[in-house]
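Count residues from 1 along the sequence. Please read all numbers here as calculations on a predicted model, not as lab measurements. Whatever order the structure lists ligands and atoms in, that order sets their numbers, starting from 1. Values below: all heavy atoms of this structure, side chains included; hydrogens, waters and symmetry mates excluded.
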Amino acid sequence: MPKIGSIELPDFPLLLAPMEDVSDPPFRRLCKLHGADLMYSEFISSEGLIRDAIKSRQKLDIFDYERPVGIQIFGGDEEAMEMSARIVETVQPDLVDINFGCPVKKVVCKGAGAGVLKDVDLMVRLTKSVIKGTSLPVTVKTRLGWDESSINIDEVAERLQDVGVQALTVHARTRAQMYKGHSDWTHIERVKNNPRITIPIFGNGDIDSPQKALEYKNRFGLDGMMIGRAAIGYPWIFNEIKHYFATGELLAPPTIEDRVEAARNHLIWSMEWKGERVGIVEMRRHYTNYFKGIPHFKEYRNKLVTLEDHNALLLVMEEIIQEYAGKTV
Ligand SMILES: Cc1cc2nc3c(=O)[nH]c(=O)nc-3n(C[C@H](O)[C@H](O)[C@H](O)COP(=O)(O)O)c2cc1C
């Protein structure tokens, strides 16, 4: 069973990916409820944390029922990374994760995120700074390399392990691929099979069904897998995969009542955590995912993304149950 520092994880854990504007406490609560074994915050700018930026500080909010939970930071300046690791430690997450995978230009340009895949020495220095700033276990999430012709995850894994990183998650794409094209897990398999590597290696990229999860689990022999997009509006994915691993059978898909309950909880928890107005507005981007594939849903969807009163929203959700209950959706 994989261990990160003193954190004991179940056999082949399923991790919820850090996702900006998605993996906030309300969403994490749902994923935890539906089987996520280890979760991460959205990435947090080290510079923002030091400036005391409200948005960055808010992302430090974690709750005991989420544990084990990690906070992810990014940045291209060693001193800022060390200081932000100290700040993160004050809220006592179970681990600190470093983002060396973000492909977005504004992050990469500052030598942060996937930018450091072109400068492994800098990546190692930034990692050392974070480790210096905290006594918590430090983990890293990164990509295969900068582009197809410079895949360097083998070297990266060894060097990160050597300076004290305690687990590595690899998104099986290069920076150049962004989120497109084939995610090639054979590179992660090679890292795992490197006899020098002893830390847990988690795979990430495009897991979207129990069947694919089992196929990849058997094929690549990693220590666990991380799931991102497939969990958005579908937190059931974690328990569906676990059930399939355990029995070889598929769980029945969520009913309309299940979907409404998840969307309603997400809304209520968002209002509790962000305040009513922001909670309602930010929830709008999620409804399409909760009700994906439901026929003739446009009218309800329009109401969900325009209504401003939470009682009216809850009423629409009741109407959805009345309309679709008992029907195959
Ligand atoms: C909306 C969105 C936001 C993301 N934000 C982050 C982030 O803050 N930190 C990070 O390491 N990766 C981030 N990612 C990348 C995911 O963690 C993950 O590596 C990627 O989506 C591939 O996994 P998937 O195919 O299971 O979604 C983000 C992805 C998406 C779609």
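At a threshold of 4.0 Å, the pair E319-K303 counts as salt-bridged, since one of the basic side-chain nitrogens sits closer than that to a carboxylate oxygen. Using a cut-off of 4.0 Å between Lys/Arg side-chain N and Asp/Glu carboxylate O, D94 and R67 are scored as salt-bridged. For E155 and R159, the salt-bridge test passes: some basic side-chain N is under 4.0 Å from an acidic carboxylate O. For D77 and K110, the salt-bridge test fails: no basic side-chain N is under 4.0 Å from an acidic carboxylate O. Using a cutoff of 4.0 Å between basic side-chain nitrogens and carboxylate oxygens, D147 and R175 are not scored as salt-bridged. Comment: E158 engages R196 in a salt bridge, judged by a side-chain N to carboxylate O separation of less than 4.0 angstrom. Of the charged side-chain nitrogens involved, at least one lies within less than 4.0 Å of a carboxylate oxygen, so that K274 and E282 count as a salt-bridged pair. For R229 and D208, the salt-bridge test fails: no basic side-chain N is under 4.0 Å from an acidic carboxylate O.
Of the protein's non-hydrogen atoms, the one nearest atom 9 (N) of ligand 1 is Q72 OE1, 2.8 Å. The nearest protein atom to atom 3 (C) of ligand 1, hydrogens excluded, is given as E20 N, 3.2 Å; this is a heavy-atom distance. Among all protein heavy atoms, the one lying closest to atom 30 (C) of ligand 1 is M19 CG, 3.9 Å. Remark: minimum distance from atom 10 (C) of ligand 1 to any protein heavy atom is reached at N99 ND2, 3.2 Å. Counting only heavy atoms of the protein, atom 15 (C) of ligand 1 lies nearest to Y179 OH, 3.4 Å. Closest protein heavy atom to atom 8 (O) of ligand 1: F43 N, 3.1 Å. Among all protein heavy atoms, the one lying closest to atom 31 (C) of ligand 1 is R229 CG, 3.5 Å.
When the heavy-atom distances from atom 22 (C) of ligand 1 to I73, D21, N204, V104 are ranked, the shortest goes to N204. Among G228, P18, C102, the residue whose heavy atom lies nearest to atom 17 (O) of ligand 1 is P18. The nearest non-hydrogen atom to atom 16 (C) of ligand 1, considering only H171, R173, M226, K141, comes from K141.
Every atom of ligand 1 is numbered from 1 in the order shown, and the set under 4.0 Å from a heavy atom of A17 is 17 (O). Within ligand 1, counting atoms from 1 as listed, the ones closer than 4.0 Å to a heavy atom of D206 are 24 (P), 25 (O), 26 (O).
The backbone N or O of I87 lies less than 3.5 Å from a partner atom in the side chain of T90, making a donor-acceptor pair.
Considering backbone and side-chain atoms alike, E42 places every N or O at 3.5 Å or more from each N or O of ligand 1. Inclusion of I227 in the set of residues having an N or O under 3.5 Å from an N or O of ligand 1 is not warranted.
Put simply, no part of G101 is less than 4.0 Å from ligand 1, judged by heavy atoms.
Just one residue in the list Y287, Y234, Y290 forms a ring pair (Phe, Tyr, Trp, His ring centres under 6.0 Å) with H266, and that residue is Y290.
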